[in-house]
Amino acid sequence: MTANQVALSYLVASVLFILALKGLSSPLSARRGNLFGIIGMVLAIVTTIAITPNWTLVIAGIVVGGTIGAVVARRVEMTQMPELVAAMHSLVGLAAVLIAIAAVANPSAFHIVDPLPTGNRFELFIGTFVGAITFSGSVIAFGKLSGKIRSAPVVFGGQHWVNLALALVMLGCGVAFLLSGKDGQWVPFGMMTGIAFLLGVLIIIPIGGADMPVVISMLNSYSGWAAAGIGFSLGNSMLIISGSLVGASGAILSYIMCKAMNRSFFNVILGGFGAVEGAVAGAAQARPVKGGSADDVAFLLGNAESVIIVPGYGLAVARAQHSVKEMAQKLTEKGVHVRYAIHPVAGRMPGHMNVLLAEAEVPYDQVFEMEDINNEFGTTDVALILGANDVVNPAAKTPGSAIFGMPILEAYRARTVIVNKRSMASGYAGLDNELFYMDKTMMVFGDAKKVVEDIVKAL
């Protein structure tokens, strides 16, 4: 392929990626957006293979990686998607680091002048440290999401000062790498890379489990910027554009989610959130609650005029979305006005609940975001909460609470509240929920899918 053909092909792929992001902004156009993204990626891969001398190695890598990806995608449960996404982000970061190491070791293989010019050294420095932070940070996020590492924030005295000192040392090593010759470049480059790996760990460990959705979004942004940085070094416009798209969209999503959780965007970027000073997370207390059965729930729902369903992580664990859709259909046939309320950070990753409901083909016009439905709870007969906890916790309205100021779904304003949980265990934030003890609340314990199926039978 000629240089003009390559540039044109990459340009078309970039436009398709932009159209993919546009399509993914709405459930109605998400399928089309995914199709655009797939076509764009295939075009970019084919173009890259066409300009690669040793294309057999590239194809071999695609076959091996694609096979692993296909096997994992078929086996992974919907509830494991957040940790899978974190794992994928780590691979993007690691790829950036490995490419940078290869470029430093053999610049001519990447059509870079040997010894490396200062401009290329700067680009490799940016791509390497962002990639290293993305890799180790994503590994920690994966551990917290999968339960292999405790989700509670890990903090110690002077933590931010330690991070600042390490960042300054890393930058100093980066400057030394920029100014070094070919013979003395490996020591500062290696130190810079090692410190970046350590910083990735230290930035993520103080972040609590309840904030993991924001972490996923933030690491997504980091992985994009890492790819863009390496793209400049390799002179690859496709990497620059696609990396910038991922980085920018991830940053915007992080900002939106920070607003949804009442967090500071800059604190997120610096890894300085996860626990609120002076706030203590309390475990669930042994207090009396009003219990009920599936038959009781069916009676209340069947005699209601309006019902708002709040899906949460418990619904995802039970894979109850199809049963919930069937229940909603039964209620709609009885003349009940049914809607779904989605909190931006419900579940373990951005859009977790939207994907679940879309999988069950729940009508899009029944699904509402928090800001669009919160005012409706006050005039709703029944709020049915399925596995959600922190996103409906009224403690967010109480000064001194660990989640004070976090916007919540105001389910407590409904005339009757029904909560389905497996037990009285606290949510991911480790807080007790006053909603469970209100006189208007009825607790129904058990697996969400089994409970909903019993409700359907009773209806």
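- A pairwise comparison of heavy atoms in Pro311 and Ala341 identifies CD-O, 3.3 Å as the closest pair.
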* **Candidate pair Val58 and Thr48, rule side-chain contact (heavy atoms from CB on, under 4.5 Å), full reasoning** => CA-CA 9 Å; Val58 177; Thr48 302; 5.6 Å; no

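- At least one donor-acceptor pair under 3.5 Å links the side chain of Ser254 to the backbone N or O of Met218.
- Between Phe177 and Phe125, the gap from one ring centroid to the other reaches at least 6.0 Å.
- Residues Val338 and Ala328 come closest through the heavy atom pair CG1-CB, 3.9 Å.
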* Go through Asn106 and Ser108 one step at a time and tell me if the side-chain hydrogen bond (donor to acceptor under 3.5 Å, both in side chains) criterion holds. => CA-CA 6 Å; Asn106 188 7; Ser108 59; 2.9 Å; yes

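- Summarising the geometry, atom CZ belonging to Phe135 is positioned 13.0 Å from atom OG1 belonging to Thr193; distances are rounded to the nearest 0.5 Å.
- Checked by atom type, the side-chain pair Asn54/Thr56 shows a donor-acceptor distance below 3.5 Å.
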* Might you work through the side-chain contact (heavy atoms from CB on, under 4.5 Å) test for Gln366 and Arg339, ending with a clear yes or no? => CA-CA 5 Å; Gln366 293 183 2; Arg339 289 158 291 174; 5.5 Å; no

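- By the 4.5 Å heavy-atom criterion applied to side chains, Met238 and Ser9 are not counted as neighbours.
- Although no hydrogens or angles enter the test, the distance criterion places no donor-acceptor pair under 3.5 Å between the side chain of Thr134 and the main chain of Gly93.
- Here the closest heavy-atom approach between residue Asn389 and residue Lys421 is recorded as ND2-NZ, 3.3 Å.
- Using modelled atom types and a 3.5 Å distance limit, the side chains of Glu369 and Asn374 yield no donor-acceptor pair.
- Under a 4.0 Å N-O distance rule, the pair Lys325/Glu359 does not qualify as a salt bridge.
- Between Val162 and Phe156, some side-chain heavy-atom pair lies under the 4.5 Å cut-off.
- Not one N or O on the side chain of Ser221 forms a donor-acceptor pair closer than 3.5 Å with the backbone of Gly250.
- Taking a 6.0 Å sphere around CZ of Phe122, one finds it holds 12 or fewer heavy atoms contributed by other residues, nucleotides or ligands.
- The ring-ring contact (aromatic ring centres under 6.0 Å, His included) check on Trp186 picks up Phe189, with sequence neighbours excluded.
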* Going through the distances and angles, do Leu357 and Ile342 end up as a side-chain contact (heavy atoms from CB on, under 4.5 Å)? -> CA-CA 10 Å; Leu357 297 181; Ile342 307 295; 3.7 Å; yes

* **Residues Ile408, Val392; criterion side-chain contact (heavy atoms from CB on, under 4.5 Å); working and verdict** => CA-CA 5 Å; Ile408 60 169; Val392 294; 5.9 Å; no

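- Inter-residue side-chain proximity for Asn393 and Met406 is flagged as unmet; no heavy-atom pair is nearer than 4.5 Å.
- No donor-acceptor pair under 3.5 Å is formed between the side chain of Thr380 and the backbone N or O of Val307.
- The list of ring-ring contact (aromatic ring centres under 6.0 Å, His included) pairs with a residue in residues 3-54, not counting sequence neighbours, is empty.
- Across all non-hydrogen atoms, the minimal contact from Met353 to Ala316 is CE-CB, 4.3 Å.
- Contact annotation: the side chain of Ile308 never approaches that of Leu384 to less than 4.5 Å [non-hydrogen atoms, C-beta and beyond].
- In this structure, Phe232 places its CZ atom where only 12 or fewer heavy-atom neighbours from other residues, nucleotides or ligands lie under 6.0 Å away.
- Salt bridge Lys397/Glu434: absent, no basic N to carboxylate O contact under 4.0 Å.
- With sequence neighbours excluded, no residue forms a side chain to side chain donor-acceptor pair (under 3.5 Å) with Asn236.
- Here the closest heavy-atom approach between residue Thr128 and residue Ala100 is recorded as OG1-CB, 3.0 Å.
- Counting only N and O atoms by type, the side chains of Ser90 and Ser138 include no donor and acceptor under 3.5 Å apart.
- No more than 12 heavy atoms of other residues, nucleotides or ligands shown are found within 6.0 angstrom of CD on Glu361.
- No side-chain heavy atom of Ile216 sits less than 4.5 Å from a side-chain heavy atom of Asn220.
- Between the CZ atom in Phe368 and the CD1 atom in Ile309 there is a gap of 12.5 Å [rounded to 0.5 Å].
- Taking all atoms of both residues into account, the shortest heavy-atom contact from Ala383 to Ala414 is CB-CB, 3.7 Å.
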